[in-house]
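Below is one structure; the comments refer to it alone.
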Amino acid sequence: YAANSPFPASHGLDESQMAIALARLGYSADRFTPADNRPLFRAMLVACLESQLPVVLTIVRTRASPTGFVTEGHAVTVTGFSAHAGIAEVPAPVQGMPPVKMRSSGVEVVYVHDDNLGSHAHYEVFDVDDVGSDCNKLLKLRRGRSDRAPPAWWHVDEWTVLSALVPKPEKLRLPIESLFSNLRWVTQLLCDVLFPGLDLNFSARFCSGVDYKRMVRSWGLDRESMRGFQEQLMLPRFIGVLSE
């Protein structure tokens, strides 16, 4: 009903209908795609999850049927991820700017709510060299694990990730891409001007202004200085947090 679709929910919803449903439930919908920058897509996925925002992945696959090959779509909700041990570079979308080192850009394991399987399922995100219709290399989602045999009742399959749809509170108006655009200027200042030669890596997320002020109290600063800082610090309901 919320999606304004004339068909039963079992027929599935397209991206626009899901965005309409989110809007009718009081959320705005942010959207991003792997396109030609799969490390950036991973980093934005993690940034949303660390901001306490679920991520709906739209995925497709082609399978054989008695009448030939058919393409089918699906949507799953990512609710968590497994921290990646290494650090990967996120290429800059603007020519001439250096890449940004981020631990989140190499994430390989996500935890997903999938109505085909259940909640908190262990899925894997990985790159392939196959090229899609947009001439970019594909990002894949493996519904299962590659390090052990699956349960007897579950068949591991692989899907192509098309996009991510993120429900956000109405007051959180800054798109996720803008957060990363700001990160690039901050990292350039830190790496090239303030701390040249240091090997830094960064993270980005959204946070409520109230939670950020609470976090500041844990920094162990002088009590009187902290009191004055807290009294003078005026923050909006949501802020972007860029950190090393």
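Because the structure is a prediction, the values reported are computed rather than measured. Residue numbers run from 1 in the order of the sequence given.
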Under the side-chain contact (heavy atoms from CB on, under 4.5 Å) test, residues paired with Val70 that sit two or more places apart = Arg63, Ser65

Give, for atom CE of Met44 and atom CG of Leu179, the distance between the pair rounded to the nearest 0.5 Å.
-> 10.0 Å

Here the gap from Leu172 atom CG to Ile239 atom CD1, rounded to the nearest 0.5 Å, amounts to 11.0 Å

In short, Asn37 meets Pro91 closest at the heavy-atom pair ND2-O, 2.9 Å

Note: Glu158-Lys140 ion pair, threshold 4.0 Å (strictly below) | no

Besides Tyr111, the hydrophobic cluster formed by Ile, Leu, Val, Met, Phe, Trp and Tyr side chains linked at under 4.5 Å, directly or via other members, contains Val109

Results of side chain to side chain donor-acceptor pair (under 3.5 Å) for Asp127 - residues two or more places apart only = Arg42

With a 4.5 Å heavy-atom cut-off, do Phe238 and Pro169 have their side chains touching?
-> yes

Rounded to the nearest 0.5 Å, what separation is found between the OG1 atom of Thr79 and the NE2 atom of His120?
-> 5.5 Å

Under the side-chain contact (heavy atoms from CB on, under 4.5 Å) rule, collect the residues that match up with Ser119, sequence neighbours excluded.
-> His113

Assess Arg142 against Phe126: is NZ or CZ under 6.0 Å from the centre of the six-membered ring, and within 45 degrees of the ring's axis?
-> yes

Arg31: side chain to side chain donor-acceptor pair (under 3.5 Å) partners, not counting sequence neighbours = Glu15

Given Val125 and Leu139, is the side chain to side chain contact (heavy atoms under 4.5 Å, CB included) satisfied, shown in steps?
-> CA-CA 7 Å; Val125 181; Leu139 183 68; 3.5 Å; yes

Run through the side-chain heavy atoms of Ile, Leu, Val, Met, Phe, Trp and Tyr, join any pair under 4.5 Å, and report what else lands in Val210's cluster.
-> none

Start with the C-alpha gap between Glu72 and Trp159, add the side-chain angles, then the distance that decides, and say whether side chain to side chain contact (heavy atoms under 4.5 Å, CB included) holds.
-> CA-CA 10 Å; Glu72 57 185 8; Trp159 296 67; 3.9 Å; yes

Do any pairs count as a ring pair (Phe, Tyr, Trp, His ring centres under 6.0 Å) and have a residue in residues 16-48, sequence neighbours left out, and if so which ones?
-> Phe32-Phe41

Between the side chains of Glu108 and Ser82, is a donor N or O closer than 3.5 angstrom to an acceptor N or O?
-> no

What pairs with Ser105 under side-chain contact (heavy atoms from CB on, under 4.5 Å), at least two apart in sequence or on another chain?
-> Pro39, Ala43, Ala88, Val90, Met102

May I ask you to decide if Ile176's main-chain N or O and Asp30's side chain share a donor-acceptor pair within less than 3.5 Å?
-> yes

Min side-chain heavy-atom separation Ile20-Leu13 under 4.5 Å | no

Atom NE2 in His155, atom CG in Asp157: separation rounded to 0.5 Å?
-> 6.0 Å

Check: Glu124 side chain, Ser146 main-chain N or O, donor-acceptor pair, under 3.5 Å | yes

CZ (Arg173) and CD (Glu170) are apart, to the nearest 0.5 Å, by 6.5 Å

In Å and rounded to the nearest 0.5 Å, what is the CG to OG1 distance from Leu138 to Thr160?
-> 5.0 Å

Got a sec, which residues hit side-chain contact (heavy atoms from CB on, under 4.5 Å) with Asn116, two or more places apart in sequence or on another chain?
-> His74, Asp114, Arg143, Trp154

Donor-acceptor contact present, side-chain Lys168 to main-chain Leu174, <3.5 Å | yes

With sequence neighbours excluded, tell me which residues meet side chain to side chain donor-acceptor pair (under 3.5 Å) with Thr33.
-> none

Val156 and Gly144 have their tightest heavy-atom pair at CG2-CA, 4.1 Å

Kindly indicate, with the supporting measurements, whether the criterion side chain to side chain contact (heavy atoms under 4.5 Å, CB included) is fulfilled by Val76 and Leu117.
-> CA-CA 10 Å; Val76 298; Leu117 182 61; over 6 Å; no

I'd like a table of donor-acceptor pairs (distance under 3.5 Å, sequence neighbours excluded) in which one partner is a side-chain atom from residues 48-57, with atom names and distances.
| residue | atom | partner | partner atom | Å |
| --- | --- | --- | --- | --- |
| Ser51 | OG | Ala47 | O | 2.6 |
| Ser51 | OG | Phe206 | N | 2.7 |

Same cluster or not: are Leu25 and Met18 linked, directly or through other Ile, Leu, Val, Met, Phe, Trp or Tyr residues, by side-chain heavy atoms under 4.5 angstrom apart?
-> yes

Linked hydrophobic residues, Val60 as query - side chain contacts closer than 4.5 Å = Leu162

